[in-house]
Asks: 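First, the structure itself, so that you have it in front of you.
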Amino acid sequence: MSPNGSDRSPRRTMRRKLPQALALGLVIATATGCSANDLPRLGLPSPVTEEGPLVLHMWQGSWIAALAVGALMWGLILWSVIFHRRSRTKVEIPAQTRYNVPIEALYTAVPLVIVSVLFYFVARDEARLTEVSAKPQHVVNVVGFQWNWAFNYENTEIPDPANTNAAYDVGTPAEVPTLYLPINESVEFVLTSNDVIHDFWPVNFLMKMDVVPGVVNKFQVTPTSFGTFAGKCAELCGQDHSRMLFNVKVVTHDQYEQHLKELRAKGQSGAVPSGLLGAGSAGEKTTGSEKK
């Protein structure tokens, strides 16, 4: 009996209220700051390429695995705290498990299994994401430089300035460039750097890759949604790293060809001259003759 004459002891009341408190805490933790649309993506933006859902599924799977392990561990901790406390068991010192070979083997085997399963899925998906076909429909040489980006359309890692079918665009920190891509057509990005390591990241593509001097990196995507999407450098590359921004605009095939035609009409045919890839926080474009 409790001091006030009730047969409800404080201990029994705590047992009854604990599940309710845990359920309320779970609801608050999962609902705070998340809308119904944001929750399934767990913070990632909406994918706009054929390859994007693969990254999203891998991200969601990692969260599911982490939540399952976390729920198991917190459950065991709470179970031990509630049902094996000293006031309940009257045991001063619980049984010790040191030098218990089966339990220690279990402690080693379970993390190895978890890591191995995660490694398998990551390796499988990474191989798919970095796979490039021999004949993509379009090739864009992306050149990173301090402090912006140049896009050589229909060019390789060794752009040909005499290629009259090609075109280029180049940005500055003060003038954000826009990369045009045709919808539902495969595009291979050939990534090269003019100075230091950068990282090419079209955010909604859910894919990024380092741009390394002296190294040619490649990946392919197929845009599936019209619109204009943000891009940035994801590698700290110096003073104006935060201003290395660009946009990606997904358009129809005809609009893509028209954009290249407009660039060539402005004299931006072939490949970007090296003189346009100048360093400096002002980001001013300098032609080859001005550089001399």
Side-chain angles (χ1 to χ4, degrees), residues 33-64 121-122 124-133 136-144 147-154 169-171 173 175-193 197-211 217-237 241-260:
C34 296
S35 68
N37 293 329
D38 292 335
L39 187 58
R41 297 198 307 272
L42 299 168
L44 284 187
S46 299
V48 296
T49 65
E50 285 186 1
E51 298 75 13
L54 188 64
V55 179
L56 179 60
H57 294 159
M58 183 167 57
W59 173 253
Q60 292 170 326
S62 299
W63 268 98
I64 291 171
F121 285 107
V122 170
R124 182 198 66 180
D125 293 347
E126 183 180 9
R128 169 67 182 86
L129 290 168
T130 56
E131 180 183 4
V132 293
S133 64
Q137 292 174 273
H138 305 278
V139 178
V140 179
N141 168 223
V142 178
V143 184
W147 306 102
N148 218 268
W149 303 92
F151 304 123
N152 290 313
Y153 293 94
E154 310 301 340
D169 197 7
V170 58
E175 184 180 347
V176 177
T178 298
L179 171 63
Y180 278 68
L181 298 176
I183 195 168
N184 295 326
E185 297 182 15
S186 61
V187 180
E188 179 177 298
F189 295 117
V190 181
L191 310 177
T192 57
S193 172
I197 298 177
H198 304 280
D199 194 294
F200 179 65
W201 184 23
V203 178
N204 284 81
F205 286 13
L206 305 188
M207 179 68 179
K208 61 182 179 179
M209 187 172 285
D210 280 351
V211 186
N217 288 329
K218 301 178 181 180
F219 72 93
Q220 292 181 6
V221 298
T222 302
T224 56
S225 298
F226 289 111
T228 301
F229 311 100
K232 62 181 69 177
C233 176
E235 184 78 27
L236 183 59
C237 55
H241 157 73
S242 62
R243 300 176 67 188
M244 287 192 61
L245 307 175
F246 62 95
N247 293 318
V248 179
K249 189 170 185 177
V250 180
V251 297
T252 64
H253 177 85
D254 291 343
Q255 289 173 323
Y256 173 78
E257 293 294 342
Q258 179 62 27
H259 178 65
L260 266 60

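Note that the coordinates shown come from a computational prediction; the quantities given were computed from them, not determined experimentally.
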Asks: Between Asn217 (side chain) and Asp210 (backbone), is there a donor-acceptor pair under 3.5 Å?
Replies: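 Yes, Asn217 side chain to Asp210 backbone: donor-acceptor pair under 3.5 Å.
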
Asks: Distance from Glu175 atom CD to Asp169 atom CG, nearest 0.5 Å?
Replies: 7.5 Å

Asks: Minimum heavy-atom separation for Val248 and Pro202, please, with both atom names.
Replies: CG2-CB, 4.1 Å

Asks: Do the non-hydrogen side-chain atoms of Trp149 and Met244 ever get within less than 4.5 Å of each other?
Replies: yes

Asks: Taking the side chain as every heavy atom from C-beta outward, state whether Phe226 and Thr252 have any atom pair closer than 4.5 Å.
Replies: yes

Asks: For the residue pair Cys237 and Cys233, what are the closest heavy atoms and their distance?
Replies: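 Nearest pair, atom of Cys237 first, then Cys233: SG-SG, 4.0 Å.
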
Asks: Are any non-hydrogen side-chain atoms of Pro182 and Val187 less than 4.5 angstrom apart?
Replies: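 They are in side-chain contact.
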
Asks: In Å and rounded to the nearest 0.5 Å, what is the CG to NZ distance from Leu191 to Lys218?
Replies: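 That separation rounds to 10.0 Å.
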
Asks: Could you work out, with side chain to side chain contact (heavy atoms under 4.5 Å, CB included) as the rule, every residue matching Asn184, not counting sequence neighbours?
Replies: Thr224

Asks: Return the set of residues passing ring-ring contact (aromatic ring centres under 6.0 Å, His included) with His138 (not counting sequence neighbours), or none when no residue passes.
Replies: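 Applying ring-ring contact (aromatic ring centres under 6.0 Å, His included) to His138 gives Tyr256.
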
Asks: Please list, chain by chain and in numerical order, all residues satisfying side chain to side chain contact (heavy atoms under 4.5 Å, CB included) with Asn204, sequence neighbours excluded.
Replies: Pro45, Val48, Phe229

Asks: Check whether any side-chain heavy atom of Leu260 sits under 4.5 Å from a side-chain heavy atom of Glu154, and report yes or no.
Replies: yes

Asks: CG of Asp199 to CE of Met209: how many Å apart, nearest 0.5 Å?
Replies: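 These two atoms lie 9.0 Å from each other.
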
Asks: Determine whether more than 12 heavy atoms belonging to other residues, nucleotides or ligands lie under 6.0 Å from atom NZ of Lys208.
Replies: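 Enclosed: over 12 neighbouring heavy atoms sit under 6.0 Å from NZ of Lys208.
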
Asks: Do any N or O atoms from the side chain of Ser186 and from the backbone of Gln137 form a donor-acceptor pair under 3.5 angstrom?
Replies: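 Here the side-chain-to-backbone pair exists.
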
Asks: Specify the closest pair of heavy atoms between Glu51 and Thr222, including all atoms of both residues, with the distance to one decimal.
Replies: OE1-N, 3.1 Å

Asks: What is the distance from atom CG of Asp125 to atom CG of Leu54, rounded to the nearest 0.5 Å?
Replies: 4.0 Å

Asks: Between Asn141 (side chain only) and Val190 (backbone N and O only), is there a donor and an acceptor less than 3.5 Å apart?
Replies: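 Pair found, side chain donor or acceptor close to backbone of Val190.
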
Asks: Output, in order, the C-alpha distance, side-chain angles, deciding distance and verdict of side chain to side chain contact (heavy atoms under 4.5 Å, CB included) for Trp63 and Gln60.
Replies: CA-CA 5 Å; Trp63 268 98; Gln60 292 170 326; 5.7 Å; no

Asks: Who pairs with Ser193 by side chain to side chain contact (heavy atoms under 4.5 Å, CB included), at least two apart in sequence or on another chain?
Replies: Asp195, His198, Val211, Pro213

Asks: If the condition is ring-ring contact (aromatic ring centres under 6.0 Å, His included), which residues does Phe189 pass it with, not counting sequence neighbours?
Replies: Phe200, Phe219

Asks: For His259, check side chain to side chain contact (heavy atoms under 4.5 Å, CB included) against everything at least two apart and list the hits.
Replies: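 His259 satisfies side chain to side chain contact (heavy atoms under 4.5 Å, CB included) with Tyr153, Tyr180, Glu262, Leu263 once adjacent residues are dropped.
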
Asks: Can you confirm whether Phe246 sits close enough to Val142 that some side-chain heavy atom of one is under 4.5 Å from a side-chain heavy atom of the other?
Replies: no

Asks: Which one of Leu56, Thr49, Val221, Leu129 satisfies the side chain to side chain contact (heavy atoms under 4.5 Å, CB included) criterion with Leu206?
Replies: Leu56

Asks: Kindly give the heavy-atom pair with the smallest separation between Ala234 and Trp201, and that separation in Å.
Replies: CB-CE3, 3.8 Å

Asks: Considering non-hydrogen atoms only, spot the tightest contact between Val132 and Glu188 and give its length.
Replies: CB-OE1, 4.1 Å

Asks: Donor-acceptor check, side chain of Gln220 to backbone of Glu131, threshold 3.5 angstrom: yes or no?
Replies: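 Such a contact is absent between Gln220 side chain and Glu131 backbone.
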
Asks: Within a strict 4.5 Å, meaning less than it, do heavy atoms of the Asn148 and Pro177 side chains meet?
Replies: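 A side-chain contact exists here, since the closest heavy-atom pair is under 4.5 Å.
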
